[in-house]
Amino acid sequence: MLKRERQAYIVHQVNLHNKVLSATLSSEIAVSEDTIRRDLQELSDTGKLIKVHGGALSHSFDSTGFPSSKIYAQNKKRVIAQKASSLIKDGMFVLTGGGTTIIELARVLPHNLHATFISGSIPAIVEYMHHPNIEVIVLGDKLSKTSKITTGADAIARIKNIKADLCILGINAIDMENGITDNDWDVVQLKQQMIASAKKTICLSIAEKINSVQPIHVCDALKIDTLVTELDPEDPLLAPYAAAGIHII
């Protein structure tokens, strides 16, 4: 792979997954981590991504303010958000994770919705506060500067005491063999407890993340109840998930 092609691949992976690890990129592209680190530095210097220890972040993490022109596939995420909002009913207690698709969901919620949202995502909490009839419960603990979400033992302990109607997660990757996977250990621990503390789990994903894999296992695909994408539910890409009994919208 030429340097130009390699760096284009890196930028796409950063935009798609919001965060990438140098070790993962090294394995996928079959080059040394030193080469990846040099690429990340060059891409950071030209403003294409944010270089951090061990990898890189998308510019979508640059600010808690939304909307932003830096959000990858924002129009598709808005379609997903509109679909997902129809699943939330008055009186529900809803656990939500972080990520740009969750932010879009927070922004499109109907103003007459009466529900309680529980989250440690700072950008999502800010958006929930704009809704006059939504109660917000903030999960406190250590703040992850990369994902702008609270993580850690205290946050997990608080979630254990919650019996939510829905858990709504933006996901990094899904396939039938490996299930839901991610690249952030602390966030994975949080997601696992959120899934365990809710009656139903809804996962939001743009189509590009379907049939992809990240290094850390969150849960089996059959642990989720509903998969929401920007595609038509009858799209062939979604057929294996529908055949497994996952509700597709």
Side-chain angles (χ1 to χ4, degrees), residues 14-19 50 57-140 143-151 155 164-172 182 184 187 190-191 194 198 200-210 224-233 248-249:
V14 170
N15 285 333
L16 183 59
H17 297 293
N18 292 322
K19 174 183 177 181
I50 304 167
L57 303 175
S58 161
H59 276 293
S60 64
F61 284 119
D62 230 353
S63 169
T64 56
F66 288 84
S68 168
S69 60
K70 297 177 180 178
I71 304 302
Y72 181 72
Q74 189 166 24
N75 289 338
K76 294 177 181 178
K77 291 175 181 179
R78 284 176 179 158
V79 171
I80 293 168
Q82 292 285 359
K83 289 183 178 183
S85 69
S86 68
L87 302 174
I88 304 169
K89 308 301 180 185
D90 284 346
M92 282 186 167
F93 279 70
V94 185
L95 275 164
T96 66
T100 51
T101 310
I102 292 292
I103 304 306
E104 294 298 333
L105 171 63
R107 297 187 68 244
V108 302
L109 293 172
H111 280 270
N112 61 351
L113 175 67
H114 290 73
T116 300
F117 282 74
I118 307 149
S119 181
S121 167
I122 304 306
I125 289 165
V126 170
E127 293 296 339
Y128 295 144
M129 287 169 54
H130 295 161
H131 292 268
N133 299 308
I134 286 177
E135 296 292 333
V136 184
I137 296 174
V138 180
L139 298 170
L143 179 65
S144 167
K145 293 182 180 180
T146 58
S147 57
K148 290 185 168 60
I149 191 170
T150 55
T151 62
D165 296 290
L166 300 178
C167 166
I168 304 180
L169 300 175
I171 60 174
N172 237 332
D182 208 307
D184 188 315
V187 171
L190 202 69
K191 286 182 175 181
M194 291 172 72
K200 291 186 176 181
T201 298
I202 299 167
C203 288
L204 316 182
S205 177
I206 60 172
E208 280 186 81
K209 295 182 180 182
I210 294 172
I224 71 172
D225 298 280
T226 302
L227 177 62
V228 187
T229 79
E230 79 276 19
L231 302 175
D232 185 287
I248 308 293
I249 66 170

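Everything quoted here is computed from the prediction, not taken from an experiment.
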**Message:** Does any part of the side chain of Ile88, heavy atoms only, come nearer than 4.5 Å to the side chain of Ile168, both counted from C-beta?
**Reply:** yes
**Complete:** Shortest non-hydrogen pair, Gly97 vs Ile149, comes out as C-CD1, 4.0 Å
**Prompt:** Between Ile103 and Ser121, is any pair of side-chain heavy atoms under 4.5 Å apart?
**Reply:** yes
**Closest heavy-atom pair and its distance - Lys148, Leu143** = C-CD1, 3.9 Å
**Atom pair CG/NE2 of Leu109 and His131 - distance to nearest 0.5 Å** = 4.5 Å
**Request:** Would you give the length of the straight line joining atom CD of Glu127 to atom CE of Met129, rounded to the nearest 0.5 angstrom?
**Result:** 10.0 Å
**Request:** To the nearest 0.5 Å, tell me how far Leu139 CG sits from Ile118 CD1.
**Result:** 7.0 Å
**Prompt:** Judged by atom type as modelled, is there a donor-acceptor pair below 3.5 Å linking the side chain of His114 to the main-chain atoms of Asn133?
**Reply:** no
**Asked** Is a donor on one side and an acceptor on the other found under 3.5 Å between the side chain of His17 and the backbone of Lys209?
**Response** no
**Gap between atom CG of Leu95 and atom CD1 of Ile202 - 0.5 Å precision** = 11.5 Å
**Asked** Are any of the side-chain heavy atoms of Ile80 and Glu104 separated by less than 4.5 Å?
**Response** no
**Complete:** Heavy-atom nearest pair, Tyr128 first then Ser119, reads CE1-CB, 4.2 Å
**Prompt:** With a 4.5 Å limit on heavy-atom distance, are the side chains of Asn75 and Arg78 in contact?
**Reply:** yes
**Item:** Distance in Å, Leu166 CG paired with Thr96 OG1, rounded so as to fall on 0.5 Å steps
**Value:** 10.5 Å
**Request:** Output the distance between atom CD1 (Ile122) and atom OG (Ser147), rounded to the nearest 0.5 Å.
**Result:** 10.0 Å
**Prompt:** What are the two closest non-hydrogen atoms of Val108 and Ser85, and how far apart are they?
**Reply:** CG2-CB, 4.2 Å
**Prompt:** Is any side-chain heavy atom of Ile249 less than 4.5 Å from a side-chain heavy atom of Leu87?
**Reply:** yes
**Prompt:** So, for Asp184 and Asp182, which heavy atoms are closest and what is the spacing to 0.1 Å?
**Reply:** N-OD1, 3.4 Å
**Request:** Heavy atoms only: give me the nearest Lys89-Ala115 pair and the separation to one decimal.
**Result:** O-CB, 4.2 Å
**Non-hydrogen side-chain atoms of His59 and Ile50 separated by less than 4.5 Å** = yes
**Prompt:** Okay, side chain of Asp225, backbone of Thr201: is any donor-acceptor separation there less than 3.5 Å?
**Reply:** yes
**Working for side-chain contact (heavy atoms from CB on, under 4.5 Å), residues Leu113 and Asp90** = CA-CA 6 Å; Leu113 175 67; Asp90 284 346; 3.5 Å; yes
**Prompt:** Does any N or O in the side chain of Ser205 come within less than 3.5 Å of the main-chain N or O of Ile171, such that one atom is a donor and the other an acceptor?
**Reply:** no
**Prompt:** Do Tyr72 and Thr100 have side-chain heavy atoms sitting under 4.5 Å apart?
**Reply:** no
